[in-house]
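Presented below is the structure to which this report refers.
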Amino acid sequence: MRILRAATVTATVTALAAVAAGCGGGSGFGGGGSDDSPRSLTYWASNQGPNVEADKKILGPELKKFERRTGIEVKLEVIPWPELLNRILAATTSGQGPDVLNIGNTWSASLQATGALLSWDRKNFAAIGGRDRFLAPALDATGAAGKDPAAVPLYSLAYALYYNKRMFQEAGISKPPATWDELVADGKRIAKDGKWGLGAEGGQLTNNIHQAFALGKQHGADFFDAAGKPSFTSDGAVAAVKQYIDFMAKDKIIAPGNAEYGQNQSLRDFATGRTAMVLWQAAATTFSADGMKPGDWGVAPVPVPSGTPGTGRQINSMLAGINIAVFKNTRNLRGAQKFVRFMTSDAEQRLLNKAYGSIPPVKAAQRDPAFDRKDTKVLRETLTKSAAPLPQIAEESQFETSVGTAIKDLFADAAAGHPVTTASVKARLAKAQQQMAQ
């Protein structure tokens, strides 16, 4: 999933049942046409661009194009990331929701477990051109193993290391770091006089999870055992979380104020020359919106302990992205399938992924030269060589909440000058694991 905005996640679907009636959904479940006479669809799009209005400008002409071709009007609502999962979960319990919606790919198995989403079996995939059109890694994040996918890949993303060229030049650094030791050393050279080496969004639960998951892979930890049970207090998981917090607590390359960041503040610090590096997904459009020119910043793979990303255990990113799904009880199934086919067509995949700086999960679209730019090339190679999907289990959203909050609290400790030790990290993760068991 994309993490331009924080996702405030509730622990269970049932926790939302009490408020579901007060959540406004789309009109897709009633009066939106039928399979015999489809007239309209309601579409919940995730906020992919710098802001909601930018998404409306990008998507609006494409939805009109779909209407001209099919006669089906698409009623668009762009939902910010802090609201999206809660809105979706409320819709699964109330029945008041859209026909088609975007979901973060890390939520696929959790939402699949509600039973509210259409399963993409062979017949449904055939209606949109076939499963083979999509990249295998993107399909790995569409639902639980052994089950038909609950969604279809729409935008693929991975993390990269973005660096401010001028700040590097001023510090006498000639190339981006390839290992974590190099990143810390470079960050320390830069972190002075109100400038900082690395940015973070310590208040953003999903970003916390994404960073800890990739570091966990490098430490040989998955956060869940082979049976799908939480193993948050394993040596590798504890070491991964401590390494991430230590960028602030020990290495002093992240500003203490970043502990409260959760709304892209680290990107604005980067664009204004306060922070030299950020770990992010497809940041080019946001940098442009903040006044940066393409030549002002560079991009490199996220560092690894040593060697090269993709070799051995050198995973350096979670496999991020956005999937498109259909609510199973839509009254306009045929129209919804047509819309998914349109959005995943080669032409729309090229256009939309260019606009958002993401990578098409459709093979034919990915061959467009636009995705050979330096930044998109790094993202593409990371996706195919050194990214791994988060656990596709029903409890994944609870994982984001419990461990993401533990990391947020540890950042708060670091910002306040409290010691962050292996024992304190393990204690926070033990509490998160206990919450998962309740």
Side-chain angles (χ1 to χ4, degrees), residues 1-7 9 46 48 81 85 103-111 135-145 151 153-162 180 200-202 204-224 228 230-232 236-237 239-241 243-244 266 278-283 299-305 309-310 312-323 357-359 361 378-393 395-404 406-408:
M1 67 171 279
R2 192 174 178 92
I3 48 80
L4 282 181
R5 308 293 186 268
V9 185
S46 50
Q48 298 301 119
W81 282 105
L85 182 56
I103 66 172
N105 66 358
T106 64
W107 307 337
S108 296
S110 295
L111 295 176
L135 292 167
L139 289 169
D140 287 341
T142 54
L154 183 64
Y155 311 125
S156 288
L157 293 157
Y159 279 87
L161 175 71
Y162 294 86
W180 292 116
E201 300 272 324
Q204 189 179 120
L205 306 190
T206 53
N207 195 7
N208 289 342
I209 286 295
H210 297 172
Q211 307 303 340
F213 173 78
L215 288 169
K217 283 288 190 180
Q218 294 178 6
H219 285 278
D222 282 320
F223 287 91
F224 290 87
S231 55
F232 303 164
V241 172
Q243 180 182 352
Y244 188 45
S266 64
V278 286
L279 302 168
W280 211 261
Q281 306 169 16
V299 63
V302 173
V304 291
R313 282 207 307 247
Q314 306 291 23
I315 296 297
N316 66 340
S317 175
M318 55 82 67
L319 197 155
I322 312 303
N323 295 338
S358 49
I359 305 299
V378 169
L379 296 176
R380 190 184 68 201
E381 290 183 351
T382 297
L383 282 167
T384 56
K385 296 179 180 178
S386 58
L390 263 70
Q392 290 291 306
I393 57 173
E395 298 81 11
E396 198 284 327
S397 62
Q398 293 173 259
F399 169 52
E400 290 189 14
T401 301
S402 59
V403 175
I407 296 171
K408 175 183 176 180

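Position 1 is the first residue of the sequence, and the numbers go up from there.
In this structure, the side chains of Asn105 and Tyr155 stay at 4.5 Å or more apart for every pair of heavy atoms. Residues Val403 and Phe213 fail the side-chain proximity criterion, which asks for heavy atoms closer than 4.5 Å. Contact check for Gln204 versus Trp81: no side-chain heavy atoms found under the 4.5 Å cut-off. Put simply, the side chain of Ser231 does not reach to within 4.5 Å of the side chain of Asp222, judged on heavy atoms. Side-chain contact between Ser397 and Leu85 is present, with heavy atoms from C-beta onward closer than 4.5 Å. Side-chain contact between Leu379 and Gln281: absent, with no pair of heavy atoms (C-beta onward) separated by less than 4.5 Å.
Residues Ser108 and Ile103 approach most closely at OG-CD1, 3.9 Å, considering heavy atoms. Closest approach of Ser156 to Leu383, counting heavy atoms only: CB-CD1, 3.7 Å. Glu396 and Pro391 make their closest contact through CG-O, 3.4 Å (heavy atoms, listed as atom of the first residue, atom of the second, distance). Heavy atoms only, all atoms of each residue included: Asn323 and Ala151 are closest at CB-CB, 3.5 Å. Of all heavy-atom pairs spanning Ala138 and Leu319, the tightest one is CA-CD2, 4.4 Å. Ala212 and Val241 get closest at one heavy-atom pair: CB-CG2, 4.2 Å.
For the atom pair His219 NE2 and Gln243 CD, the distance stands at 4.0 Å (nearest 0.5 Å). The OG1 atom of Thr382 sits 10.0 Å away from the CD1 atom of Ile315 when rounded to the nearest 0.5 Å. A distance of 3.5 Å separates CD1 in Ile393 from CZ in Phe224, rounded to the nearest 0.5 Å. In this structure, the separation between CD on Glu201 and OG1 on Thr206 is 9.5 Å, given to the nearest 0.5 Å. The distance from the CG atom of Leu390 to the CH2 atom of Trp107 is 12.5 Å, given to the nearest 0.5 Å. One distance of note links CD1 of Ile209 with OG of Ser402; it measures 6.5 Å at 0.5 Å rounding.
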Stepwise side chain to side chain contact (heavy atoms under 4.5 Å, CB included) test for Val302 and Trp280:
CA-CA 9 Å; Val302 173; Trp280 211 261; over 6 Å; no

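In terms of the side-chain hydrogen bond (donor to acceptor under 3.5 Å, both in side chains) criterion, residue partners of Ser46 (sequence neighbours excluded) are, by chain and number, Gln48, Asn102.
Applying side chain to side chain donor-acceptor pair (under 3.5 Å) to Thr106 and the options Glu400, Gln392, His210 leaves one that passes, Glu400.
There is a side-chain donor-acceptor pair under 3.5 Å between Gln211 and Asn207. For Ser386 and Asn316, the side-chain atoms include at least one donor-acceptor pair closer than 3.5 Å.
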